[in-house]
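Let me begin by presenting the structure, written as structure tokens, before commenting on it.
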Amino acid sequence: MNRQKGLSASSLKTLAAICMFIDHLDYLVLRCFPQTSLLEYFCRGIGRISFPVFCFLLTEGFLHTSSRARYAARLCIFAILSELPYDMAFSETFSFLHSQNIFFTLLIGLLVLWGMEWFSENICFQAFVLLFGMGISILFDCDYGWQGILLIAILFFFRQDFFSMTAAGISVCLLWSWEAAFAFLPIRLYNKQRGWMKRSAAKYAFYLFYPLHLLLLVWMRKGLLS
């Protein structure tokens, strides 16, 4: 059997999810124990890889989805479903309106891409759409903020030139973490194949992983500190 070399979209999603779990394990559990400081630093470094990969996959999903409206609706639904676990994890409350989870960032990013494509012949309108999206992310204090929206736009705008995309993308990643730049190593290995995550069940299980893993880590933290 011939196997496509490189990493499929499914493999990239799995890698990003694992890195995200390690990052949140560090932030929500390991930092409760001072003796794990070196391990914390290592885990945070690995975790920084996840967000740029998710942003890259968003641009790929935007270009290849059969329905952008359904894609946006799916992100919106899971953004709402994830907000309670997100608040419990990072604010230790059931409702914290001053910070929004990563699904909101990805949703705004998707809408920005939609607008940029709509005004593909007018760079001034494209810039306005991007700035508006960045402003919304600041207004609602979305995870990764305006830097996240800018990264999504750059990955989309330079999608035909990997060198330019990497150079510009790393420049944005350095605004929050130098370790995030390493995300472009697995992205470089992307083979443009969907991979094993083709059925709806697998796709929705991936979306559910975000709120469920946060609830698991909240439970672990409470259990260890009780």
Side-chain angles (χ1 to χ4, degrees), residues 3-24 26 41-65 68 71 75 102-120 123-124 126-134 137-138 142-195 197 206 210:
R3 293 191 177 184
Q4 188 77 28
K5 293 182 179 180
L7 298 175
S8 66
S10 299
S11 297
L12 283 177
K13 285 180 182 179
T14 303
L15 173 65
I18 291 172
C19 291
M20 178 179 65
F21 181 84
I22 292 173
D23 184 22
H24 291 162
D26 160 53
Y41 182 80
F42 177 73
C43 290
R44 291 293 281 178
I46 293 176
R48 300 300 86 193
I49 295 173
S50 61
F51 182 68
V53 175
F54 283 133
C55 291
F56 174 77
L57 291 169
L58 180 79
T59 64
E60 286 293 303
F62 172 78
L63 291 169
H64 298 108
T65 183
R68 289 168 181 172
Y71 193 5
L75 288 174
I102 196 173
F103 275 121
F104 283 107
T105 308
L106 296 176
L107 173 61
I108 295 170
L110 180 73
L111 297 177
V112 165
L113 297 188
W114 209 342
M116 290 178 67
E117 186 184 63
W118 184 268
F119 296 112
S120 59
I123 195 169
C124 292
Q126 285 186 320
F128 174 79
V129 169
L130 174 57
L131 291 173
F132 184 77
M134 292 167 65
S137 70
I138 294 172
C142 297
D143 202 9
Y144 286 94
W146 64 267
Q147 300 99 323
I149 305 302
L150 179 60
L151 178 61
I152 291 170
I154 282 175
L155 294 176
F156 175 73
F157 190 80
F158 292 109
R159 63 189 182 279
Q160 303 294 345
D161 182 350
F162 184 80
F163 178 80
S164 298
M165 182 183 74
T166 301
I170 288 177
S171 297
V172 177
C173 288
L174 292 177
L175 294 174
W176 70 78
S177 170
W178 64 269
E179 294 98 334
F182 288 101
F184 288 90
L185 294 177
I187 289 174
R188 181 67 181 88
L189 298 175
Y190 177 54
N191 61 18
K192 300 184 180 180
Q193 301 297 310
R194 180 182 289 186
M197 204 176 294
F206 175 76
Y210 182 77

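Nothing here was measured: the structure is a model prediction, and the numbers come from that model.
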Legend entry - Ser50 side chain vs Ala17 backbone, donor-acceptor pair below 3.5 Å: no
Legend entry - Phe157, CZ atom: more than 12 neighbouring heavy atoms under 6.0 Å: no
Inset, instruction - Report the distance from atom CZ of Phe51 to atom OG1 of Thr105, rounding to the nearest 0.5 Å. - result: 5.5 Å
Legend entry - CD on Gln126 to CG on Leu131, rounded to 0.5 Å: 12.0 Å
Inset, instruction - Could you tell me the separation between the OG atom of Ser137 and the CG atom of Leu107, rounded to the nearest 0.5 Å? - result: 12.0 Å
Inset, instruction - Look up atom CG in Leu7 and atom CG in Leu189, then write down how far apart they are to the nearest 0.5 Å. - result: 5.0 Å
Legend entry - Pairs involving residues 152-170, ordered by first then second residue, that meet side-chain hydrogen bond (donor to acceptor under 3.5 Å, both in side chains) (sequence neighbours left out): Asp161-Ser164
Inset, instruction - To the nearest 0.5 Å, tell me how far Leu75 CG sits from Tyr71 OH. - result: 5.5 Å
Legend entry - Gln147 versus Val172, closest heavy-atom pair with distance: O-CG1, 3.5 Å
Report, one line per pair, each donor and acceptor closer than 3.5 Å where one atom sits in a side chain of residues 55-64; sequence neighbours left out.
{"unit_1": "Thr59", "atom_1": "OG1", "unit_2": "Phe56", "atom_2": "O", "d": "2.6"}
{"unit_1": "Glu60", "atom_1": "OE1", "unit_2": "Tyr190", "atom_2": "OH", "d": "3.1"}
{"unit_1": "His64", "atom_1": "ND1", "unit_2": "Glu60", "atom_2": "O", "d": "2.9"}

Legend entry - Greater than 12 external heavy atoms within 6.0 Å of Phe206's CZ: yes
Inset, instruction - Any chance you could lay out the side chain to side chain contact (heavy atoms under 4.5 Å, CB included) test for Ile152 and Leu106, step after step, and finish with the verdict? - result: CA-CA 8 Å; Ile152 291 170; Leu106 296 176; 4.3 Å; yes
Inset, instruction - Any chance you could measure Ile149, atom CD1, to Leu130, atom CG, to the nearest 0.5 Å? - result: 8.5 Å
Inset, instruction - Tell me, with the steps shown, if Leu155 and Phe184 meet side chain to side chain contact (heavy atoms under 4.5 Å, CB included). - result: CA-CA 11 Å; Leu155 294 176; Phe184 288 90; 3.8 Å; yes
Inset, instruction - Write down the atom of Trp176, the atom of Ala180, and the distance for their closest heavy-atom approach. - result: NE1-CB, 3.7 Å
Legend entry - Residue pair Met116 / Val129: nearest heavy atoms and the distance that separates them: N-CG1, 4.1 Å
Legend entry - Heavy-atom closest contact (Gly47 atom, Asp23 atom, distance): CA-CB, 3.3 Å
Legend entry - CA sep, side-chain torsions, deciding dist, call: Arg68, Leu113, side chain to side chain contact (heavy atoms under 4.5 Å, CB included): CA-CA 11 Å; Arg68 289 168 181 172; Leu113 297 188; over 6 Å; no
Inset, instruction - Of all the heavy-atom pairs spanning Ile108 and Gly133, show the shortest one and how long it is. - result: CG2-O, 3.6 Å
Inset, instruction - Look at atom CZ of Phe128 and say whether more than 12 heavy atoms of other residues, nucleotides or ligands are closer to it than 6.0 Å. - result: no
Legend entry - Side-chain H-bond candidate by donor/acceptor type, Ser8 with Ser11, under 3.5 Å: yes
Inset, instruction - Begin with the C-alpha distance, continue with both residues' side-chain angles, and end with the deciding distance and a verdict on side chain to side chain contact (heavy atoms under 4.5 Å, CB included) for Trp146 and Leu175. - result: CA-CA 11 Å; Trp146 64 267; Leu175 294 174; 3.7 Å; yes
Inset, instruction - Provide the closest heavy-atom pair for Leu151 versus Pro52 in the form atom of the first, atom of the second, distance. - result: CD2-CA, 3.9 Å
Legend entry - salt bridge (charged side-chain N to carboxylate O under 4.0 Å, His left out): pairs with one or both residues in residues 171-187, sequence neighbours excluded: none
